[in-house]
Amino acid sequence: MKAYLLCLALGIPLWGAAQQFQSKMEKIETDEYKGEVSVCINCTGIKPEPSKEYFWLENNTVQSGVGMLKGKPLHGEVKLYIEGLDGEKQLIMEGHFFAGLKDGMVKNYVFGELETEELYEKGELKRVDYYFPGKEGVDKRVEYLGREGQQWKVRFTFFSTAGEVQAEGYRKPVGDSFNEFFHGAYKKIFIDSTGSPYVKEEGRYDMNRRVGEWKEYYPNNNAYCLRIYDYDILKQETFLTASGQPFTGVIEDRNAPLSRVYARIEVKNGLRDGKTEDSYRSGKPSRTLLFAQGKLKEGAEPLESFLAQNPVQKEKQLSFQCDQRGGGLYVDKIQYTANGALVYFHFQNITLHNGAIVYTPPPGTDNAFTAYDIASATKFPVKKVFGIPTAPAYMPMVYGELIPFVLYFEGLKENHRFISLIEGDPENPYIIDDNGNTTYNWGCYELSIR
């Protein structure tokens, strides 16, 4: 009856099919695991589909293969576990199978702790819920919407104490991992101090780059900001009242519960006019920018102004997700000028669930970014930083959120084809603690530029 209720809830027509095939439970034991496995005893005539992974019992072990089926197909409930030194069972996997295919819910464990819940429909993966040790509830959800070539169209949801980040995108298998990109509708939802959700920001991405119309909402001001992007380049910014009229006054950008101010923006007739103060700690700003009728006048150099003085001569598209040492860092492209190179990054907070801050050390400091030509062992310290605060200023981020930034390295040329981009010393990029754990400096390692 439990299997029937599960199939009914999921809309998977297994009840009739379950009467067609019969199964029996077998106990197995290997050097790696033990288990209770339900196998089919009359699953004859099954023609494996080339794209699906099948599972079977053979030589007392669970085996699998894509587009192939041997031995006794798994059919029904399966539970695998290991036994600790005290005899306690630690689950590895438990789930439901149909004629050799994962079907319904399949749970995977690490040291007995739930790691993922996968929802299948006759071998087709429909959803994965990820769990983080010590965190209550689902950490991240990936819903599979369909395959497009070598990648999947998916919908991501990142859950945190602040709320949710929802984004359509792509997931492309790379070895045992994935490259993931935002592509499509995006929404950031916050939860206020009363527990009520509200939309903080919404727009669209094109391969991790903001495009078209974006809106950011300020509930305490009953206002929002309308921004127009052309592949992350901000073309227009207007602050409006809820009724759509140009806003005049001071915008307060607050945290999710609306209890703390992160930025104060002076606005006149819908445009930044006066001070923009942000990164508040103890009521004091750590960065102040001065605007006049929407134009930045003091406090930082706009990327557009730098490009006007240093026109781009050549461009390399990368769309590369750095390895685990990058900690959520992407490289999108490199633009070469007469004297150096602009490297375009995205950073996604995929590690800190209860909120994070992001910044980079300013140029000229010991821990600032360096471009490193591996072939010649030449270092190119960062000279300009655009789009990401430099210490002591910072940018607050929620789990799953994505921001772009750009770094300029003077002297980095097109003929430097094998490079690393790392905060700190690229020749000594990691620290090993007393327990042997290795912590790498933030960056992208060993990029091949073609």
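Keep in mind the model is a prediction, meaning the values are calculated, not measured. Any value given below was found using the heavy atoms of this structure, including those in side chains, with hydrogens, waters and symmetry copies removed.
With values rounded to the nearest 0.5 angstrom, His75 atom NE2 is found 11.0 Å from Leu101 atom CG. How far CZ of Phe369 is from OG1 of Thr360: 5.0 Å, rounded to the nearest 0.5 Å. Separation of atoms CD (Glu115) and CZ (Phe132) is listed at 11.0 Å; rounding is to 0.5 Å. The structure places CG of Asn222 at 7.5 Å from OG1 of Thr241, a figure rounded to the nearest 0.5 Å. Once rounded to the nearest 0.5 Å, the distance linking OG of Ser319 with NZ of Lys172 reads 10.0 Å. How far CD1 of Ile265 is from OG1 of Thr276: 5.0 Å, rounded to the nearest 0.5 Å.
Considering Lys188, Lys187, Arg227, Arg254 in turn, Arg227 is the only one that fulfils the salt bridge (Lys or Arg N to Asp or Glu O under 4.0 Å) rule with Glu216. Among Gln150, Glu180, Glu148, the one residue that satisfies the side chain to side chain donor-acceptor pair (under 3.5 Å) test with Tyr170 is Glu148. Residue Phe347 is tested with Tyr330, Trp442, Phe405 for a ring-ring contact (aromatic ring centres under 6.0 Å, His included); the sole match is Trp442.
Taking 4.5 Å as the limit, some side-chain heavy atom of Phe55 sits within range of a side-chain heavy atom of Lys102. The closest side-chain heavy-atom distance from Ile422 to Tyr440 is not below 4.5 Å. Put simply, the side chain of Tyr372 does not reach to within 4.5 Å of the side chain of Pro429, judged on heavy atoms. Within the 4.5 Å cutoff, side-chain heavy atoms of Phe380 are placed close to those of His416. Inter-residue side-chain proximity for Ser64 and Val62 is flagged as unmet; no heavy-atom pair is nearer than 4.5 Å. Annotation: side chain of Glu143 is in contact with side chain of Arg141 (closest heavy-atom distance under 4.5 Å). Side-chain contact between Asp232 and His346 is present, with heavy atoms from C-beta onward closer than 4.5 Å. Between Leu258 and Ser193 there is no side-chain heavy-atom pair separated by less than 4.5 Å.
The environment of Glu113 atom CD is sparse: at most 12 non-hydrogen atoms of other residues, nucleotides or ligands sit within 6.0 angstrom. In Lys333, the NZ atom is crowded: over 12 heavy atoms of neighbouring residues, nucleotides or ligands sit closer than 6.0 Å. For Tyr430, the OH atom is loosely surrounded, since the number of other residues' heavy atoms within 6.0 Å does not exceed 12. Heavy atoms from other residues, nucleotides or ligands lying under 6.0 Å from NZ of Lys314 number 12 at most. Applying the 6.0 Å contact sphere to NZ of Lys52 captures more than 12 heavy atoms from other residues, nucleotides or ligands. Residue Phe111 qualifies as open at atom CZ: its count of foreign heavy atoms under 6.0 Å is 12 or below. Counting heavy atoms of neighbouring residues, nucleotides and ligands inside a 6.0 Å radius, atom NZ of Lys153 exceeds 12 of them. Within a 6.0 Å radius of NZ in Lys295, other residues, nucleotides and ligands contribute 12 heavy atoms or fewer.
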Test Leu303 against Tyr344 for side-chain contact (heavy atoms from CB on, under 4.5 Å), laying out the working first.
CA-CA 11 Å; Leu303 177 59; Tyr344 288 71; 4.1 Å; yes

Checking Asn179 against Phe320 for the side-chain contact (heavy atoms from CB on, under 4.5 Å) test, could you report, in this order, the C-alpha distance in whole Å, the side-chain angles of both residues, the deciding distance, and whether it holds?
CA-CA 8 Å; Asn179 281 351; Phe320 180 80; 5.7 Å; no

For a side-chain contact (heavy atoms from CB on, under 4.5 Å) check, start with the C-alpha distance between Glu213 and Ile228, then their side-chain angles and the critical distance, and finish with the verdict.
CA-CA 5 Å; Glu213 185 178 287; Ile228 307 297; 4.0 Å; yes

I'd like to know whether Leu307 forms a side-chain contact (heavy atoms from CB on, under 4.5 Å) with Gln335, so could you lay out the CA-CA distance, the side-chain angles of the two residues, the decisive distance to 0.1 Å, and finally the verdict.
CA-CA 10 Å; Leu307 286 171; Gln335 291 180 335; 4.1 Å; yes

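Judged purely by distance below 3.5 Å, without hydrogens or angles, the side chains of Glu201 and Tyr186 never pair a donor atom with an acceptor atom. For the residue pair Tyr144 / Arg171, a side-chain donor-acceptor distance below 3.5 Å is found, with atom types taken as modelled. In the model, Glu164 has no side-chain atom that pairs as donor or acceptor with a side-chain atom of Thr157 under 3.5 Å. Judged by distance alone, the side chains of Tyr81 and Glu94 never bring a donor and an acceptor atom under 3.5 Å apart. Side-chain polar atoms of Gln90 and Tyr109 form no donor-acceptor pair below 3.5 angstrom. Looking at Tyr231 and Asp206, their side chains do bring a donor and an acceptor atom within 3.5 Å of each other.
Within the 3.5 Å criterion, the main-chain N or O of Tyr394 finds a donor-acceptor partner in the side chain of Ser279. Under the 3.5 Å distance criterion, the side-chain polar atoms of Asn435 are left unmatched by any main-chain donor or acceptor of Asn437. In terms of modelled atom types and a separation under 3.5 Å, the side chain of Glu53 and the main chain of Val66 share no donor-acceptor contact. Distance alone, capped at 3.5 Å, places no donor-acceptor pair between the Glu124 side chain and the Glu121 backbone. Looking at Asp103, its side chain never comes within 3.5 Å of a backbone N or O of His96 through a donor-acceptor pair. Without hydrogens or angle criteria, Asn367 side chain to Glu423 main chain gives no donor-acceptor distance under 3.5 Å. A side-chain donor-acceptor contact under 3.5 Å links Glu168 to the backbone of Ala185. Panel note: side chain Asn108, backbone Met93; no donor-acceptor pair is recorded below 3.5 Å. Checked by atom type and distance alone, the side chain of Tyr198 pairs as donor or acceptor with a backbone atom of Ala256 at under 3.5 Å. A donor-acceptor contact shorter than 3.5 Å links the side chain of Asn349 to the backbone of Leu352.
Residues meeting the side-chain hydrogen bond (donor to acceptor under 3.5 Å, both in side chains) test with Tyr399, sequence neighbours left out: Asp139.
Contact between Ile82 and Glu32 at its shortest, heavy atoms only, is CG2-O, 3.2 Å. When all heavy atoms of Thr365 and Pro362 are compared, the pair lying nearest together is OG1-O, 2.6 Å. For the residue pair Phe178 and Pro173, the shortest heavy atom distance occurs at CD2-CA, 3.8 Å. Taking each heavy atom of Leu447 and Leu421 in turn, the nearest pair found is CD1-CD1, 3.7 Å. The minimum heavy-atom distance linking Gly340 with Tyr408 is given by the pair N-OH, 3.4 Å. Looking at every heavy atom in both residues, Ile92 comes nearest to Tyr33 through CD1-CB, 3.6 Å.
Residues Trp214 and Tyr205 place their aromatic rings such that the two centres sit under 6.0 Å apart.
Relative to the six-membered ring of Tyr280, Arg264 meets both conditions, a distance below 6.0 Å and an angle of at most 45° to the axis.
Between Tyr224 and Tyr217, the angle of the ring planes lies from 30° to 60°, which puts this pair in the tilted group. Between Phe21 and Phe98, the ring-plane angle classifies as tilted under the 30° and 60° cut-offs.
Salt-bridge formation is detected for the pair Lys200/Asp253: a Lys NZ or Arg NE/NH1/NH2 atom is positioned less than 4.0 Å from an Asp or Glu carboxylate oxygen.
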